[in-house]
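One structure is given here, and the rest of the page talks about it.
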Amino acid sequence: MPYSNNNNPTHNYKMNTKILKGFSYELGPIRPPSEGQDRSLLVRATINCPWNRCLFCRTYRNQKFVYRKVEEIKNDIDIAKGLHDALNAASLNIGHNGNVDNETLMALINGNPEIYSEKHVGPIELQSRLQSLLNMANWMASGARTVFLQDANSLIMKTDDLIEILHYLKQEFPTIERITSYARSQTASSKSLADLKKIHEAGLSRLHVGLESGCDEVLKYMKKGVTSDGHIKGGKKIVESGISLSEYVMPGLGGKKLSRSHAIETARVLNEIDPAFIRLRSLIIRNGTDLYDRFEAGEFEPVSEDEAVEEIRLFLENLDCNSYLASDQMSNLLWEIEGQLPGDKKALLKILDKYLDKSEEDRMKFRLDRRMKSYLSVYGGLEEGLARKINNAIESMENRSSDMSSKVEDAISALKKGFV
Ligand code: SF4
């Protein structure tokens, strides 16, 4: 639900603040695309990443991992419940029958200026109050069905604590149908199968695991903190426990040197695990990561976008499992690589071949167009410097200039810097 400040004074709703435990709950920085802001209630079960060493990652860089107390998490759930009830009451009050829409949201915001205006609240607190309210409003508008437990590896919590949180969530919000979270393979393999089964029975439906690669050399270089055997052990245990498993693969992570073994070994590991989902999220070398420094020093040589497509083709060719393969991340060039394996394998290979069979110039045009669409889908527009680079690239393609390739690559890499 877009938050737009269309002030309608006839639709203000004053909430009973005495029954609320607070106005904002903790929100972590990321969630999987499939748990996007319109779908899942976000509950921050732990803070940051307990590993925090992967070379390509900067999400929690320099942030200390924190276990939250069960009481703190429950308090956040209570706050979320209070906001839920306030939005529901606001909706009934303005005659929207419990449906939460933009008017309901604005009725609550405008009716409570002492809580939601800069005149009464500092800007940081105001922002977190609005973010929590918006998360709750979006969740309710989407049917209040799915919950995502943040941050990077909340499976690391003590089993009993995690189970207590899962029970409490379901008790407070009976509409919940699915609860998911991120986890590391290493953590899953160190939990007993009995514990994972208990967690599943308590309500954890799915785990998203950053497999990234099944190639030991890549895993070691990237300091992933797990071997291919560890991935297999952790992954198989999750599958056996009944928890649905979504494994993330990072095309390009082997660089030019290890591209082939990265593709083949990753397929081998996934064939053993046979997860419900395999999701592609191509490598982006982000400024501020250790990998960026190695790239700048010439130590890591990334694959080109065309080589990444060839790598995905090799990976897919070697996959022999029953997973749903998705390419639902803006870092990927070919979003249409999506289907149920093994049935859709041939059709998916055809999509890859169709791209690879294009002329070099057509591939270039396609890539620029795709990257621009991805960028615009998030930001809605281009800032001046970026627009200039893109215009230069388009002009050079129209004129078939000798520097066309470098101008297109320059524009694409500038666009990719903005990818989330
Ligand atoms: S385990 Fe995940 S969140 Fe933690 S450093 Fe690695 S990629 Fe980042």
Side-chain angles (χ1 to χ4, degrees), residues 33 54-59 61 212 218 221-222 249-260 262-263 280-313 327-337 351-352 354-420:
C54 302
L55 289 195
F56 54 87
C57 178
R58 65 172 185 198
T59 310
R61 203 175 158 105
E212 329 297 7
V218 175
Y221 182 81
M222 291 294 163
V249 170
M250 197 170 271
L253 196 63
K256 275 197 201 299
K257 192 175 139 204
L258 296 170
S259 176
R260 274 190 71 79
H262 172 48
L280 305 176
R281 57 166 176 189
S282 304
L283 173 68
I284 292 184
I285 304 175
R286 296 179 197 282
N287 206 337
T289 59
D290 291 339
L291 187 61
Y292 185 85
D293 297 339
R294 294 190 186 197
F295 160 67
E296 284 282 280
E299 187 191 305
F300 181 83
E301 197 183 353
V303 293
S304 68
E305 294 208 294
D306 285 352
E307 285 167 338
V309 177
E310 280 165 16
E311 182 185 296
I312 293 169
R313 198 198 183 287
S327 178
D328 53 352
Q329 233 267 354
M330 74 185 299
S331 63
N332 300 325
L333 179 66
L334 299 173
W335 315 320
E336 50 277 77
I337 301 299
I351 295 171
L352 291 158
K354 194 175 162 200
Y355 171 80
L356 292 168
D357 288 345
K358 286 181 194 290
S359 70
E360 194 183 340
E361 203 178 319
D362 284 348
R363 288 202 303 272
M364 227 186 272
K365 276 185 196 154
F366 179 92
R367 289 193 288 113
L368 184 61
D369 182 61
R370 271 292 162 94
R371 296 313 192 179
M372 211 156 58
K373 280 185 182 146
S374 289
Y375 189 94
L376 290 173
S377 71
V378 175
Y379 299 104
L382 301 166
E383 52 90 13
E384 211 185 308
L386 191 52
R388 204 176 320 116
K389 277 187 188 207
I390 291 166
N391 284 335
N392 286 344
I394 293 170
E395 231 170 76
S396 71
M397 280 195 289
E398 279 166 2
N399 299 330
R400 292 204 156 74
S401 332
S402 53
D403 60 353
M404 147 174 108
S405 169
S406 68
K407 287 209 164 133
V408 172
E409 294 311 331
D410 192 33
I412 288 175
S413 86
L415 283 164
K416 283 166 86 173
K417 281 194 182 124
F419 286 6
V420 284

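Of all heavy-atom pairs between Leu283 and Met250, the closest is N-CG, 3.6 Å. For the residue pair Val303 and Glu311, the shortest heavy atom distance occurs at CG1-OE1, 4.2 Å. Contact record, Ala393 with Leu368: CB-CD2, 4.0 Å, taken as the closest heavy-atom pair. Here the closest heavy-atom approach between residue Trp335 and residue Ser374 is recorded as CZ2-OG, 3.1 Å. Closest of all the heavy-atom pairs between His262 and Pro251 is NE2-CA, 4.1 Å.
Within a 6.0 Å sphere centred on CD of Glu383, other residues, nucleotides and ligands contribute more than 12 heavy atoms. Other residues, nucleotides and ligands place no more than 12 heavy atoms under 6.0 Å from the NZ atom of Lys257. Counting heavy-atom neighbours within 6.0 Å of Arg370 CZ, excluding the residue itself, gives a total above 12.
Atom CG of Leu280 and atom CD1 of Ile337 lie 8.0 Å apart (nearest 0.5 Å). Taken from CD in Glu301 to CG in Leu258, the straight-line distance is 11.5 Å, to the nearest 0.5 Å. Atom-to-atom distance recorded for Lys389:NZ and Asp410:CG is 4.0 Å, nearest 0.5 angstrom. Between Phe295 atom CZ and Thr289 atom OG1 the span is 10.0 Å, to the nearest 0.5 Å. Here Leu382 contributes atom CG and Leu415 contributes atom CG; the two are 7.0 Å apart, rounded to the nearest 0.5 Å. Rounding to the nearest 0.5 Å gives a distance of 9.5 Å between CD1 of Ile285 and CG of Leu253.
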Checking side-chain contact (heavy atoms from CB on, under 4.5 Å) for the pair Lys417/Ile284: CA distance, chi angles, key distance, verdict? CA-CA 8 Å; Lys417 281 194 182 124; Ile284 292 184; over 6 Å; no
What verdict does the salt bridge (charged side-chain N to carboxylate O under 4.0 Å, His left out) test give for Lys416 and Glu305, after you've listed the backbone C-alpha separation in whole Å, the side-chain angles of each residue and the deciding distance to 0.1 Å? CA-CA 12 Å; Lys416 283 166 86 173; Glu305 294 208 294; 3.1 Å; yes
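Between Met397 and Val408, the closest side-chain pair of non-hydrogen atoms falls below 4.5 Å. Proximity of Met364 to Ser405: side-chain heavy atoms (C-beta onward) are separated by under 4.5 Å at one or more points. Glu212 is listed as a side-chain neighbour of Phe56, based on a closest heavy-atom distance under 4.5 Å. The shortest side-chain heavy-atom distance between Leu55 and Phe300 does not fall under the 4.5 Å cut-off. Using a 4.5 Å heavy-atom cutoff, the side chains of Arg363 and Val309 are not in contact. Side-chain contact between Arg367 and Glu409 is present, with at least one heavy-atom pair separated by less than 4.5 Å.
Under the 4.0 Å criterion applied to side-chain N and carboxylate O atoms, Arg61 and Asp290 are assigned as salt-bridge partners. Under the 4.0 Å criterion applied to side-chain N and carboxylate O atoms, Glu336 and Lys354 are not assigned as salt-bridge partners.
For the pair Arg294 and Tyr221, the cation-pi criterion (under 6.0 Å, within 45° of the ring axis) is fulfilled.
Each side chain to side chain donor-acceptor pair (under 3.5 Å) pair with one or both residues in residues 391-400, not counting sequence neighbours, appears once here: Glu361-Arg400.
Among residues two or more places apart in sequence or in another chain, the ring pair (Phe, Tyr, Trp, His ring centres under 6.0 Å) test is passed with Tyr375 by Tyr379.
The closest donor-acceptor contact from the side chain of Ser259 to the backbone of Lys256 lies at 3.5 Å or more, if one exists at all.
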